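Order of the sequence lines fixes the chain letters, A, B, ..., with proteins taken first and strands second; residue numbering starts at 1 for each chain. What you are looking at is a predicted structure, and each value in this text was computed from that prediction instead of being measured.
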Amino acid sequence: MIGENKYKYMDSDAPNVKINYSYSKYLGLEFIDNWKASRIENLIEFDKEYLDIVIKNIDSRAVEEGFISSKELFSKWIKSIDLSNLDFLKDVNLLVKRFEVTRKVYNEYNDLMRPNNKKDFLEIDIYSLYGIILGLLFSLTKKYQYLNAHVKLNDILLGWKTNNLKKDSLTLRAYSLDLEYNNVTKILNKKSIPND
Amino acid sequence: MIKILLLCGDNIRAKSYASIFKKRNKCSVTGLLYGIKKDINKSTTKINIDTDTKEYLDSINVDIPSLNKDIESIFTDNNWHYILTEEREVNSLEIITKIKSTDCDYVVFAGYGGQILSKEHFLQGKKYIHCHPGCLPLERGSTTLYYSLLNDRDLSVTSFFMTEKIDEGNMLLRESYNAPSKLVDIDVWVDNALRADTLFKTIELLNKHYKGFPKKEEEDDQEYYVIHPLLKHIALLSLNSQN
């Protein structure tokens with residue numbers, strides 16, 4: 001586990017290891033404070049226009065036939081989230097299921113959302129892009145499955161070493177964290193749970 | 001009166017079910033207690049219920065289960081017939097053979113966490129009953145009572161006949177309970193007490209030769225996964241904030 005923060009769900013070995021969330025102990029408001037501290041210290045200002053350019057410029061790269069690069073797929077989804085598109089929702093929900101089981105996001109998927117190579121799951125931008133999708137989907141649908149996966153995904157992002165990351169990667173990561181923070185804060189306020 | 005085989009480990013779910021069998025006396029009970037070592041020192045750790053959880057269960061007329069005896073002692077005290085085995089793998093040939101040779105109408109499953117019954121269980125003509133905490137098919141999957149609270153719904157338990165596919169057999173009873181208005185212990189007390197209550201009501205129906213009902217195609221079907229501690233805290237703290 002990382003640093004002095006009392007939030008216990010970040011692990012620098014993730015996503016190589018799965019963080020355990022089962023039978024977590026109830027700690028009251030202190031837990032909310034710890035979660036908040038873990039996020040606030042990692043929230044950074046980012047330029048939304050620059051972010052749009054980063055997502056727009058994600059280019060397609062050659063992959064094996066029958067597979068699609070996750071970067072390309074996720075950026076396509078982010079650009080046009082369409083809740084009336086049942087194929088899109090089916091793929092997203094399948095990916096939520098796969099992520100909840102493996103806690104990994106792979107570099108390439110086939111149309112059943114099965115990975116091309118189970119060893120290829122260590123690209124931080126792919127996690128950030130997937131986090132952005134989950135955050136946007138929760139904002140639009142209020143379905144807690146998306147938020148649940150999103151918080152777990154951001155736990156992985158927060159365990160990732162960031163010292164060698166470029167501006168584009170830091171911006172994508174920041175947006176995923178920002179979406180979660182705002183979504184959760186809205187729920188806390190709506191449910192009258194103190195969170196100052 | 002129907003004959004039940006309780007297929008269980010030494011866990012609080014099994015104790016909750018045994019509690020209700022004893023108190024309501026609506027079925028004859030046999031046990032296949034698995035994953036339990038004979039003559040081993042039993043744990044003496046007491047599980048106490050807090051005041052708010054007790055008040056909540058009283059307010060919805062749900063019995064508070066007795067959790068402070070090991071499952072074998074409960075069977076012995078009640079003079080219920082049982083078989084004890086150290087085998088912990090519920091899909092082992094030993095356990096499946098023992099179930100097959102037991103005279104019972106229904107098998108009630110209260111196994112160890114994470115165990116999924118293999119198809120061999122369902123090939124021997126016995127009907128298995130499971131109580132899922134959640135309204136099926138709307139609340140499939142894991143830790144669903146917390147998701148009910150997050151979604152501002154009442155708590156539910158659905159009893160159903162198990163099949164090879166989890167949560168997809170004919171349903172027997174979908175029972176709803178008013179959501180708590182104070183912080184309660186979901187994992188130990190509420191989950192198990194509500195499941196036991198629904199099981200008791202299901203047994204009453206089965207005594208009347210009830211067959212259950214299938215899922216309708218048009219019903220909303222949602223799957224949930226192990227809840228993140230943050231969402232669990234929000235669900236529980238939202239109860240506190242109601243006061």
Worksheet item: With no hydrogens and no angle check, is any side-chain donor or acceptor of A/Lys191 less than 3.5 Å from a backbone partner on B/Leu150?
Response: yes
Fill in: Whether over 12 other heavy atoms sit under 6.0 Å from A/Asn163 CG
yes
Worksheet item: So what's closer than 4.5 Å to chain B heavy atoms on A/Asn195: side chain, backbone, both or neither?
Response: neither
Worksheet item: Just wondering, are more than 12 heavy atoms of other shown residues or ligands nearer than 6.0 Å to CD in A/Glu49?
Response: no
Item to complete: Mark yes when over 12 heavy atoms from residues, nucleotides or ligands other than A/Lys36 sit less than 6.0 Å from its NZ; otherwise mark no.
Response: yes
Item to complete: Verify the neighbour count for atom OH of A/Tyr23: are there more than 12 heavy atoms of other residues, nucleotides or ligands below 6.0 Å?
Response: no
Discussion item. Given heavy-atom pairs under 4.5 angstrom as the criterion, report whether the side chain, backbone, both or neither of A/Lys143 touches chain B.
Written reply: side chain
Worksheet item: Taking the side chain as C-beta and beyond, is there a heavy-atom pair between B/Ile227 and A/Tyr144 under 4.5 Å?
Response: no
Worksheet, complete the sentence: The reported gap from NE2 in A/His150 to CG in B/Leu231 (rounded to nearest 0.5 angstrom) is 11.5 Å
Worksheet item: Within a reach of under 6.0 Å around NZ of A/Lys18, are more than 12 heavy atoms found that belong to other residues, nucleotides or ligands?
Response: yes
Worksheet item: Hey, are the side chains of A/Tyr21 and B/Leu230 touching, using non-hydrogen atoms and a 4.5 Å cut-off?
Response: no
Item to complete: Could you point out which residue of B/Tyr146, B/Tyr224, B/Tyr147 forms a side-chain contact (heavy atoms from CB on, under 4.5 Å) with A/Asn148?
Response: B/Tyr147
Worksheet item: Would you find a donor on one side and an acceptor on the other, under 3.5 Å apart, between the side chain of A/Gln145 and the backbone of B/Tyr225?
Response: no
Fill in: Which atoms of B/Ile234 approach chain A - backbone, side chain, both or neither, heavy atom under 4.5 Å
both
Fill in: Reference residue B/His228; test side-chain contact (heavy atoms from CB on, under 4.5 Å); the match among A/Asn154, A/Val151, A/Ile19, A/Leu147
A/Val151
Worksheet item: Above 12 or not: heavy atoms from other molecules or residues under 6.0 Å from NZ of A/Lys79?
Response: yes
Worksheet item: Looking at B/Asn151, B/Asp185, B/Asp187, B/Thr143, which makes the most heavy-atom pairs under 4.5 Å with chain A?
Response: B/Asn151
Worksheet, complete the sentence: Assert top hit (heavy-atom pairs under 4.5 Å, partner chain B, pool A/Leu29, A/Ile187, A/Val96, A/Val101) equals A/Leu29
Discussion item. Quick check on B/Lys23: does its NZ atom have over 12 non-hydrogen neighbours (other residues, nucleotides or ligands) under 6.0 Å away?
Written reply: no
Fill in: Flag side-chain contact, heavy atom, 4.5 Å: B/His233 against A/Leu27
yes
Discussion item. Looking only at heavy atoms and a cut-off of under 4.5 Å, which of A/Lys142, A/Lys190, A/Lys152 has the most pairs with chain B?
Written reply: A/Lys152
